[in-house]
Amino acid sequence: MNSELSKTYEPKKVEGKIYKFWEKGGWFTPKIVPRKKPFTILLPLPNANDPLHMGHVLFAVEDIIIRYYRMRGRPTLWLPGGDHAGIETQFVFEKRLAKEGKSRFDFGRKTLYKMISEFVEKNKNINREQLKKLGFSLDWTRYHYSLEPNIVKIVFDTFRKLHRDGLIYRGERIVNFCTKCGTAFSDLEVDYVEKDEFLYYLDYTTLQIATTRPETIFADVAVAVNPTDKRYKNLIGKKAVIPLINKEVPIIADKRIDVNFGTGVLKVTPGHDTTDYEIGQTHNLETITIIDKNGRMTNLPEKYLGLTVKTAREKTINDLEKAEKLVKTEPLKHSIGICYRCKTTIEPLIMPQWFLKIGPLAKPALEAVEKERIKIIPEKRFKKMYLNWMRNVRDWNIGRQIVWGPQIPVWYCLDCNPDILINFINKKGNKINGTYKDLKDKYNFAEIKKGLQSLSASKNPVYSLEEKACQKCKGKKILQETDTFDTWFLSGQWPLTALGYQKSKDFKYFYPTSVLDTLWDILFFWVARMIMFGLYLTKEVPFKIVHIHCRVVDENGQKMSKSKGNVLDPMDMVQKYGADALRMSVIFGTTPGTDICISDNKIRGMRNFANKIWNASRFVLMNLKGFDPKIKPKLTKKDKKILRELNSFSKEITKLMDSFKFYQAAEKIYHYFWHIFCDKIIEEEKSRLQGSNKKEKEASQYLLLQILKTNLELLHPFIPFITEEIYQKLPIKNKKKCLMIENWPV
RNA sequence: GGGCAAUUAGCUCAGUGGUUAGAGCACUGCAUUCACAUUGCAGGGGUCGCAGGUUCAAAUCCUGCAUUGCCCACCA
């Protein structure tokens with residue numbers, strides 16, 4: 001190979017070529033060697049339809065770990081994947097539909113699924129190519145997409161096992177429903193925002209109540225006071241009257257009532273409020289629903305029928321005022337739940353849903369971290385955050401009323417569930433909805449099945465976990481549950497599914513994995529669920545270390561977002577300064593779990609470092625005239641001292657790598673290379689190199705080459721491209737085919 | 001409401017009891033073809049949030065306070 005180097009480092013000429021060289025060489029794919037202990041990381045699978053953003057560059061941490069262990073001789077697997085990302089993807093797709101003036105309601109679910117699927121297929125490869133541009137040494141031969149049939153099959157089996165173990169149940173509970181997205185969410189997917197609203201004091205004849213939601217008075221079934229409240233003690237057991245509809249409801253006592261809020265009296269609306277629902281459960285109260293899934297009023301006096309919640313509120317207030325039942329109105333700042341995705345106010349609605357009983361899964365997951373079978377880095381803050389969450393975790397609503405994702409493997413016999421609600425598009429293209437018993441005479445089964453949009457089974461439906469004729473009535477009019485799994489129900493099993501749970505050699509060899517590296521924002525969504533599923537199915541932890549990497553913010557500490565216009569595109573930065581510089585800039589001067597400010601300036605600084613490496617190497621290579629790698633020259637005392645120091649420096653770096661202090665390792669090597677090797681050693685060697693003493697010259701050449709090689713090895717996990725390119729040009733003994741499989745020094 | 005964490009140079013952060021507290025970026029002065037100006041040399045800049053305490057010794061341990069960030073719960 002030509003040892004002439006250009007005057008400045010040009011990443012564009014090097015990176016693509018080097019990546020292809022690595023890929024062709026097959027070095028990303030580990031060989032299964034039974035006696036050797038493997039090292040495994042699963043890439044937190046990016047959404048298959050999304051290009052990468054700055055945050056993804058932090059996967060560099062994983063590449064650093066992977067390259068380090070690979071150089072240490074472990075069979076090392078870094079497994080990439082793509083996630084179908086149920087709600088995220090459907091949301092993006094629906095936005096596109098909206099631009100064409102269409103919505104999800106215009107299609108049967110099969111058609112809609114196919115459209116989204118094609119959309120994802122088209123985009124799936126974009127981020128794969130981008131991950132390659134960043135130099136990530138992922139084993140592409142093991143790439144998996146979350147909707148592959150084998151993966152879905154494992155997920156279905158898990159569902160069945162959970163069901164057998166009594167951990168899956170269909171429950172009618174109050175759920176967080178987004179009327180815009182048209183789906184229920186888990187507690188994790190609700191955000192809270194402070195809003196300035198009003199507190200309305202209403203006259204319920206016997207007493208006064210205070211509420212922020214006057215439009216729900218029609219669904220009141222009681223009013224409640226605190227049993228210790230002297231003001232109302234003698235009213236308990238008597239009646240109050242709901243204004244406008246003049247309905248009598250009992251006055252009950254419940255200790256959940258805050259004496260100091262409003263009038264100290266709560267109107268109990270179990271159909272539309274979480275606390276009220278719980279009070280209703282305790283006191284065995286009826287539940288009335290007056291808001292439907294579209295956020296429209298239903299099941300109440302005709303003048304309010306079909307109104308949106310907002311309009312209904314205005315109208316109710318108006319009517320209350322006319323009826324002289326509105327006592328007063330106070331401004332109130334309070335927080336309300338909104339959809340994390342579309343920011344619509346979450347409507348608590350009573351609905352039958354599929355739930356996973358979490359207690360039995362959480363217990364071992366809690367212990368695993370308490371007893372440090374799984375270690376969280378950095379421990380402070382995140383370990384406690386995890387334990388705290390796991391101790392208080394509630395049952396998980398695993399169904400989503402969207403099409404994009406695997407349908408829950410539950411089949412309903414229509415004849416045994418005559419009250420099942422059906423939405424479908426008929427032959428003529430009209431939207432039809434109603435219960436099966438009302439529809440079955442007008443439409444045949446095939447027509448319903450073909451145009452089916454969604455089903456909604458009752459609280460206690462007759463169902464089977466297999467698609468087969470009904471066990472009860474032998475009927476064949478069977479439809480699968482249209483709710484799909486929460487995406488995290490699938491990705492929570494990723495360590496199992498991606499490695500081919502049970503059946504494959506990979507699973508036996510690579511599970512449990514070594515490290516899971518991610519951002520803290522999905523600690524509960526994903527990490528906690530993986531731990532629960534892993535322990536439930538295998539009794540083993542899915543990974544031994546959870547490493548929390550940094551969140552990228554802009555140079556002013558602001559979160560990057562399109563609306564703020566402060567987004568840096570990682571691919572632009574690769575183009576401008578090179579992948580190595582970009583990678584180094586997200587590692588250098590950072591601590592796990594904190595925010596990291598990324599700016600053009602910082603990346604440029606790291607590009608300068610790459611250039612420094614390039615030129616120092618260039619200098620060493622330019623001065624190798626007459627050098628024979630086979631002969632080891634006689635070194636001076638000073639040379640030996642420098643090499644000893646280099647050796648102990650390497651040991652220091654190894655120690656930092658082993659303890660996951662990559663930021664410190666990066667800073668130390670940076671410092672050594674630039675300020676010791678370049679500024680001192682090279683400067684001092686110039687006289688020997690340019691002098692006439694041949695032996696001194698050879699010793700100097702040997703010394704510089706030795707230091708350069710070791711530094712390239714130490715730097716390689718951080719900045720793989722430039723170090724590989726230079727390594728290829730070094731005239732050294734026992735040279736490997738590439739630097740990425742060289743032995744780590746020490 | 002319950003909890004966790006942070007507060008060190010202009011900015012972003014290292015630094016868990018021991019000599020004059022460090023890095024990157026930014027800043028100031030000088031150097032112009034020496035491998036590299038994507039450079040070199042030199043330099044400025046910190047009462048380590050505040051108040052107490054423990055210790056021969058505190059940025060580091062303890063207590064209280066202030067401010068900021070985050071997590072969980074919830075607000076009729």
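Heavy atoms only: backbone and side chains are in, while hydrogens, waters and symmetry mates are out. To find a chain, count down the sequence lines: A is the first, B the second, and so on, and within it residues start at 1.
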Next item on the list: Provide the Watson-Crick or G-U wobble partner of G43(B), both distances under 3.5 Å; none if there is no partner.
Entry: C27(B)
Notebook entry, point to check: Quick one: is K661(A) getting a side-chain N or O under 4.0 Å of the A14(B) phosphate, OP1 or OP2?
Noted result: no
Note to self: Under 4.0 Å, heavy atoms only, any strand: does S617(A) hit a base, just the sugar-phosphate, or nothing?
What the structure shows: nothing
Item checked: Base A23(B) to side chain Q664(A), donor-acceptor N/O within 3.5 Å cut-off -> no
Next item on the list: Tell me what Y663(A) touches on the nucleic acid: a base, only sugar-phosphate, or nothing, going by heavy atoms under 4.0 Å.
Entry: sugar-phosphate
Next item on the list: Could you tell me whether L199(A) contacts a base, only the sugar-phosphate backbone, or nothing, with contacts defined as non-hydrogen atoms closer than 4.0 Å?
Entry: sugar-phosphate
Notebook entry, point to check: Out of E683(A), E696(A), E698(A), which one pairs with R688(A) under the salt bridge (Lys or Arg N to Asp or Glu O under 4.0 Å) rule?
Noted result: E696(A)
Next item on the list: Select base, sugar-phosphate, or nothing to describe what H272(A) touches, counting heavy atoms under 4.0 Å on all strands.
Entry: nothing
Note to self: Roughly how many Å apart are U47(B) and G43(B), using the C1' atom of each and rounding to a whole number?
What the structure shows: 23 Å
Notebook entry, point to check: Taking atom types as they are modelled, is there a donor-acceptor pair under 3.5 Å from the base of U38(B) to the side chain of R607(A)?
Noted result: yes
Notebook entry, point to check: Choosing from G15(B), A76(B), A35(B), which nucleotide comes nearest the side chain of T212(A)?
Noted result: A76(B)
Margin query: Just to be sure I understand the rule, does N601(A) reach a base, reach only the sugar-phosphate, or reach nothing, if contact means heavy atoms closer than 4.0 Å?
Written below: sugar-phosphate
Checklist line | G24(B) OP1/OP2 closer than 4.0 Å to side-chain N/O of H675(A) | finding: yes
Notebook entry, point to check: When we call it a touch if two heavy atoms are under 4.0 Å apart, what does R551(A) touch: a base, just sugar-phosphate, or nothing?
Noted result: nothing
Margin query: Roughly how many Å apart are A6(B) and C13(B), using the C1' atom of each and rounding to a whole number?
Written below: 12 Å
Note to self: As a test of reading the structure: which of U38(B), A35(B), G24(B) is closest to the side chain of M606(A), going by heavy atoms?
What the structure shows: G24(B)
Next item on the list: Identify whether any heavy atom of D595(A) sits under 4.0 Å from a base atom; if not, whether one sits that close to sugar-phosphate; answer base, sugar-phosphate or nothing.
Entry: sugar-phosphate
Next item on the list: Tell me the partner of C65(B), counting only Watson-Crick (N1-N3 plus N6-O4 or O6-N4) or G-U wobble (N1-O2 and O6-N3) with both under 3.5 Å; none if nothing fits.
Entry: G49(B)
Item checked: salt_bridge(R341(A), E189(A)) N-O dist < 4.0 Å -> no
Next item on the list: Identify which nucleotide among C13(B), U39(B), A35(B) has an atom closest to any side-chain atom of I682(A), counting heavy atoms from C-beta outward.
Entry: A35(B)
Next item on the list: With heavy atoms under 4.0 Å as the rule, sort Y670(A) into base, sugar-phosphate or nothing.
Entry: sugar-phosphate
Note to self: Does K686(A) contact A35(B) through a side-chain donor or acceptor facing the base, at a distance under 3.5 Å?
What the structure shows: yes
Notebook entry, point to check: What distance, rounded to whole Å, do you find between the two C1' atoms, one in C71(B) and one in A57(B)?
Noted result: 38 Å
Check: Start at the 5' end of RNA chain B and walk down; is the nucleotide closest to F524(A) or to R256(A) reached first?
Finding: F524(A)
Check: Where the side chain of W520(A) is defined as all heavy atoms beyond and including C-beta, which of G24(B), C71(B), A35(B) is the nearest nucleotide?
Finding: C71(B)
Next item on the list: Return the nearest nucleotide to the side chain of D258(A); candidates are G24(B), U39(B), A76(B).
Entry: A76(B)
Margin query: Tell me if the centroids of the rings in F662(A) and F660(A) come within less than 6.0 Å of each other.
Written below: yes
Margin query: Just to be sure I understand the rule, does K7(A) reach a base, reach only the sugar-phosphate, or reach nothing, if contact means heavy atoms closer than 4.0 Å?
Written below: sugar-phosphate
Note to self: Is the distance between the ring centroids of Y663(A) and F588(A) under 6.0 Å?
What the structure shows: no
Notebook entry, point to check: With a non-hydrogen cut-off below 4.0 angstrom, is G262(A) in contact with a base, only sugar-phosphate, or nothing?
Noted result: nothing
Check: How would you label the contact of K384(A) with the nucleic acid (heavy atoms, under 4.0 Å): base, sugar-phosphate, or nothing?
Finding: sugar-phosphate
Margin query: Closest approach to the side chain of R618(A), judged atom by atom: which nucleotide of C36(B), A76(B), C71(B) is it?
Written below: C36(B)
Notebook entry, point to check: Considering only the C1' atoms, how many Å lie between U67(B) and A31(B), rounded to the nearest integer?
Noted result: 46 Å
Next item on the list: Report which part of the nucleic acid A616(A) touches: base, sugar-phosphate, or nothing (heavy-atom distance under 4.0 Å, all strands).
Entry: base
Next item on the list: Just call it for F261(A): base, sugar-phosphate, or nothing, with non-hydrogen atoms closer than 4.0 Å on any strand.
Entry: base
Notebook entry, point to check: Considering residues, nucleotides and ligands other than K247(A), do more than 12 of their heavy atoms fall under 6.0 Å from its NZ?
Noted result: yes
Checklist line | P gap between C74(B) and G2(B), integer Å | finding: 15 Å
Check: If you take all heavy atoms of Y386(A) and L366(A), which pair is closest and at what distance?
Finding: OH-N, 4.4 Å
Margin query: For F218(A) and Y304(A), I'd like to know if the aromatic rings sit close, meaning centre-to-centre distance below 6.0 Å.
Written below: yes
Checklist line | Sugar-phosphate only, base, or nothing, as touched by D679(A) at under 4.0 Å among non-hydrogen atoms | finding: sugar-phosphate
